[in-house]
Amino acid sequence: MYKERKVRNRVIAAAEAKSPPLPPVSGSSTITPTIRKSGSIEEKKTGKKFLEGATIGILPLNNCNARVTLLSERITEFGGVPLPYRKNTMMSFDKATHIVVNFETPIKDIVTFCRTDADKAFLRDSLPKIKYVRCKWLSESFTKGVRMSEDDYSINALLQEEITRAEVQEHLHKYRRSTSFRDATVPSNSQRETNLAKKDGEAKIADKSQPPKSSGTVSPADVSSGWKRNLNEDDSSDYEDSSGEVSDEEEDLDSSREKETLVRSGSGSFTVSDSLKEKYICAQASSSGTKNLNEHLTVPLEKLMNTHKSQGQEFRAMAYGKAISALRNFPKKIQRAEDVGSLRNIGGSILSKITEILENGTCQKVDNLCVDDEVNKAIALFCNIHGVSSKTAIKWASAKLRTLEELSTKVTLNRAQVIGLKHYHDFLDRIPRSEVEEIEKTVKGAALDLQKGLEIVTCGSYRRGKPTCGDVDILISHPDGKSHRNLFGPLLEKLRTSEFLTDDLSISEESSQKKYLGVCRLPKEDSKFRRLDIIVVPYCEFGCALLYFTGSAYFNRSMRAYAHKLSMTLSHHSLNRNVVRMKKVKISDGEPFPNLTTEKAIFECMGLPYREPADRDH
DNA sequence: GGTCAGCAACG
DNA sequence: CGTTGC
DNA sequence: GACC
Ligand SMILES: O=c1ccn([C@H]2C[C@H](O)[C@@H](COP(=O)(O)OP(=O)(O)OP(=O)(O)O)O2)c(=O)[nH]1
Ligand SMILES: [Mg+2]
């Protein structure tokens with residue numbers, strides 16, 4: 001019953017023109033059909049109303065006022081209705097049948113011009129209805145005195161293409177190696193306490209501290225003001241051939257603002273540049289719900305990752321893991337290596353593998369390194385046993401062990417390994433959500449029997465909304481701050497008596513948080529043995545425990561690394577500030593932030609935008 | 001050339 | 001302490 | 001293996 005208001009923070013950053021200013025493919029001068037200009041003058045004079053029925057919006061981009069006025073007059077002259085651009089919104093073209101665009105304006109600039117969500121939506125949705133044409137269509141028509149075919153000047157298709165590209169760019173922008181520079185402020189402990197003093201509900205604090213931070217994206221207001229000026233001042237290009245390189249000024253504007261890095265301010269709170277923050281995936285939402293469009297890449301790379309992991313190459317495997325996550329979240333199927341751009345966590349080595357996969361369908365490294373010779377096969381096989389990892393797997397394989405059957409007789413297994421071996425196949429199986437819910441119900445029932453008012457949340461991949469789960473992770477606490485105390489032992493006892501729990505893997509009772517890691521089975525015919533993880537925590541640690549137990553593991557590690565950067569530590573117990581470290585070693589633990597009973601409070605303390613569980617699936 | 005999360009159980 | 005797991 |  002923890003309530004966390006849903007604030008979906010999908011602010012869309014103005015697609016920043018980081019890509020090379022691609023030459024206007026549709027260079028009007030090259031493509032325009034060459035039509036003899038004979039006899040244009042008298043036809044024009046006849047005043048044929050060949051634009052009858054056309055309502056024509058004029059995009060001010062690269063068109064000075066004088067030019068817009070001139071065009072408007074001529075449109076009227078030939079029976080059309082000119083539509084001026086008003087209130088800085090594309091909505092002023094709502095009724096348009098046509099929109100004309102200056103001949104040299106790159107398609108990219110048109111898309112970038114539509115920077116607000118409303119304008120983007122308008123542009124996207126209007127493509128089937130409105131004909132976007134180069135203004136050459138008008139001038140040709142004027143000179144010829146007849147209405148030229150729009151098709152020859154249409155840029156709808158190019159716009160559609162560019163919109164898709166911009167969406168990808170926008171995504172890239174968020175995940176790029178280095179990005180933008182604005183600041184977010186991190187509240188100090190003292191500030192927070194003041195907040196707490198004034199509060200009378202958790203939600204309020206969360207709302208309160210929103211204003212100073214830029215919620216992880218470029219402030220659209222900032223950018224647009226720069227553009228309006230750009231727009232008004234731009235008188236340069238007027239007639240059909242001055243090939244002025246416009247645009248690209250925004251970039252300079254932005255980089256001149258770079259200065260703000262890490263600034264410490266008084267009264268304990270300090271600011272952190274967004275560019276730093278954006279390097280941590282915990283500051284970014286994972287693309288929840290959307291499908292992995294890059295399985296053709298992630299599947300072979302996963303294989304490579306697993307090989308490295310089973311060979312004990314922990315950090316190399318982690319590097320692959322991050323790269324895979326980046327590819328999973330990429331909004332577009334990658335067909336060519338260039339599509340990857342400078343996606344964070346994909347460096348030269350992995351990129352070369354991607355290239356190879358795209359070209360050959362496979363990667364030599366995958367084939368070579370993952371040669372399924374019998375030793376490697378055995379290592380991989382052993383690593384899938386709960387309680388066995390690279391060290392043990394390699395040791396056994398080197399001792400010429402090859403099969404699961406040999407293990408029980410030829411090596412000494414510890415408790416967890418015995419159980420892991422016993423349930424080898426069941427544990428490899430993933431659990432459907434419906435079954436997770438049945439298990440949750442069983443544990444919940446037993447717990448509430450022992451103590452009412454408990455707060456019980458199923459976390460892990462289940463809480464992140466995954467369709468299947470590797471295990472069941474249940475978090476239990478009590479809002480009164482003390483009634484969780486005598487629960488752990490009795491709960492396990494109860495669940496054992498009902499024969500729901502079948503094996504224990506490890507039990508930790510020594511700290512404030514109690515943890516059970518074991519095996520359970522629903523009382524049904526053919527039901528499988530499932531791994532079950534239960535933690536019972538004091539309510540003062542509820543927020544940190546919930547955050548931790550919801551994961552994902554990568555998300556946690558990123559958030560903890562970010563905390564580290566802020567001279568904090570984040571664990572399943574607490575978020576501490578003013579941690580002193582020398583080199584790697586912690587000299588002082590610092591002090592914990594008090595009352596972190598919600599996840600939101602933790603994000604807030606760290607100056608991070610709140611992320612829904614589903615958006616933490618990195 | 002250093003860092004890559006932070007903690008806890010098991011043996 | 002080394003290994004494994006969450 | 002990526003990034004600082
Ligand atoms: O190395 C780890 C492993 C797990 N966790 C946290 C995050 C994770 O979400 C939660 C539960 O762990 P589990 O292994 O069950 O991961 P999961 O996210 O639930 O995935 P799965 O579907 O495999 O259970 O514990 C970590 O912080 N670090
Ligand atoms: Mg889990």
Side-chain angles (χ1 to χ4, degrees), chain A residues 175-178 275-276 279-282 301 304-305 307-326 342-354 365 369 382-395 412-420 427 459-461 470-475 504-518 531-535 537 541 544-545 547-565 568-576 579 581 583-586 589:
Chain A
Y175 294 85
R176 205 177 274 122
R177 293 174 216 278
S178 80
S275 56
L276 171 68
K279 282 171 192 155
Y280 294 83
I281 49 93
C282 61
L301 289 179
L304 219 32
M305 173 179 75
T307 308
H308 285 127
K309 197 188 297 176
S310 62
Q311 312 274 321
Q313 309 238 26
E314 184 192 343
F315 294 109
R316 186 162 303 186
M318 188 176 74
Y320 275 90
K322 289 177 178 175
I324 290 164
S325 174
S342 49
L343 208 49
R344 231 190 123 70
N345 291 321
I346 298 186
S349 178
I350 292 183
L351 189 60
S352 76
K353 284 161 191 87
I354 290 176
K365 306 254 178 51
L369 205 76
F382 297 153
C383 275
N384 281 329
I385 303 170
H386 182 101
V388 176
S389 193
S390 62
K391 304 282 183 190
T392 316
I394 291 169
K395 188 169 75 193
T412 36
L413 303 166
N414 65 30
R415 259 177 54 77
Q417 290 163 347
V418 172
I419 297 161
F427 285 0
C459 303
S461 46
D471 65 357
V472 182
D473 306 291
I474 298 176
L475 167 63
D504 304 337
L505 288 164
S506 94
I507 294 178
S508 82
E509 283 193 278
E510 298 311 300
S511 101
S512 60
Q513 298 191 3
K514 319 289 178 213
K515 179 160 104 175
Y516 173 79
L517 184 57
R531 285 184 295 130
L532 174 64
D533 209 348
I534 300 174
I535 60 178
V537 311
E541 298 183 357
C544 289
L547 180 67
Y548 153 75
F549 219 32
T550 299
S552 68
Y554 276 125
F555 182 89
N556 288 353
R557 292 169 73 166
S558 165
M559 201 154 164
R560 288 165 183 215
Y562 184 59
H564 192 128
K565 201 80 179 173
M568 300 177 180
T569 56
L570 174 62
S571 72
H572 48 290
H573 294 295
S574 62
L575 175 66
N576 292 18
V579 175
R581 292 182 178 87
K583 304 269 176 78
K584 255 200 91 169
V585 241
K586 200 160 60 176
D589 288 346

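As the structure is a prediction and not an experimental result, all values here were calculated from the model. Numbered from 1 within each chain, the chains take letters A, B, ... in sequence-line order.
Within 4.0 Å of A:Glu509, counting heavy atoms only, lie sugar-phosphate atoms of the nucleic acid but no base atom. Contacts of A:Tyr320 with the nucleic acid, taken as non-hydrogen atoms under 4.0 Å apart, involve only primed sugar atoms and P, OP1 or OP2. Among the heavy atoms of the strands lying under 4.0 Å from A:Thr392 are primed sugar atoms or P, OP1, OP2 only; no base atom is included. A:Asn414 comes within 4.0 angstrom of sugar-phosphate atoms only, judged by non-hydrogen atoms across all strands, and of no base. If you check every strand for non-hydrogen atoms under 4.0 Å, A:Ile535 touches nothing.
Considering A:Gln513, A:Lys514, A:Glu509 as possible partners of A:Ser511, the one that fulfils the side chain to side chain contact (heavy atoms under 4.5 Å, CB included) test is A:Gln513. A side chain to side chain contact (heavy atoms under 4.5 Å, CB included) with A:Asp533 is found for exactly one of A:Ile474, A:Leu475, A:Leu505, A:Asp473, namely A:Asp473.
Under the stacking criterion of a centre-to-centre distance below 5.5 angstrom and an interplanar angle below 30°, A:Phe315 sits stacked against the six-membered ring of B:dC4.
Taking atom CE of A:Met559 as the reference point, atom P of C:dC6 lies 22 Å away to the nearest angstrom. Summarising the geometry, the separation between NZ on A:Lys586 and P on B:dT3 is reported as 16 Å, rounded to the nearest angstrom. Atom CD1 of A:Ile385 is separated from atom C1' of C:dG5 by 15 Å (rounded to the nearest Å). Between the OH atom of A:Tyr280 and the P atom of D:dC3 there is a distance of 13 Å, rounded to whole Å. Rounded to whole Å, the distance from NE2 on A:His386 to C1' on C:dT4 is 8 Å. Protein atom CG of A:Asp471 is 15 Å distant from nucleotide atom C1' of C:dT4, rounded to whole Å. Separating the NE2 atom of A:His308 from the C1' atom of D:dA2 is a distance of 14 Å, rounded to the nearest angstrom. Between the NE2 atom of A:His572 and the C1' atom of B:dA8 there is a distance of 7 Å, rounded to whole Å.
Applying the 4.0 Å criterion to OP1 and OP2 of B:dC7, one finds that A:Arg557 has every side-chain N and O outside that range. Side-chain N/O atoms of A:Arg316 include one lying less than 4.0 angstrom from OP1 or OP2 on D:dG1. Note on A:Lys584: a side-chain N or O is less than 4.0 Å away from OP1 or OP2 of B:dC4. A close approach under 4.0 Å does occur between a side-chain nitrogen or oxygen of A:Ser349 and OP1 or OP2 of D:dG1. In this structure, A:Arg531 reaches the C:dC6 phosphate: one of its side-chain N or O atoms is under 4.0 Å from OP1 or OP2. Side-chain N/O atoms of A:His564 include none lying less than 4.0 angstrom from OP1 or OP2 on B:dT3.
Looking only at distances, a side-chain donor or acceptor of A:Gln417 sits under 3.5 Å from a matching main-chain atom of A:Gly387. In this structure, A:Thr550 contributes its side chain and A:Leu547 its backbone to no donor-acceptor pair below 3.5 Å.
For the C1' atom pair drawn from B:dT3 and C:dC6, the interatomic distance equals 22 Å after rounding to whole Å. One P atom belongs to D:dC4, the other to B:dA5, and the distance between them is 15 Å to the nearest Å.
Side-chain proximity of A:Ser389 to the nucleotides D:dA2, C:dC6, C:dG5 is greatest for C:dG5.
Counting heavy atoms of neighbouring residues, nucleotides and ligands inside a 6.0 Å radius, atom NZ of A:Lys353 exceeds 12 of them.
The nearest heavy atom of DNA chain B to A:Glu314 and to A:Ala416 marks one nucleotide each, and the one closer to the 5' end goes with A:Glu314. Both A:Arg415 and A:Arg581 lie near DNA chain B, and the one whose nearest nucleotide falls closer to the 5' end is A:Arg581.
Ring geometry, A:Tyr548 versus A:His572: the interplanar angle falls from 30° to 60°, so the pair is classed tilted.
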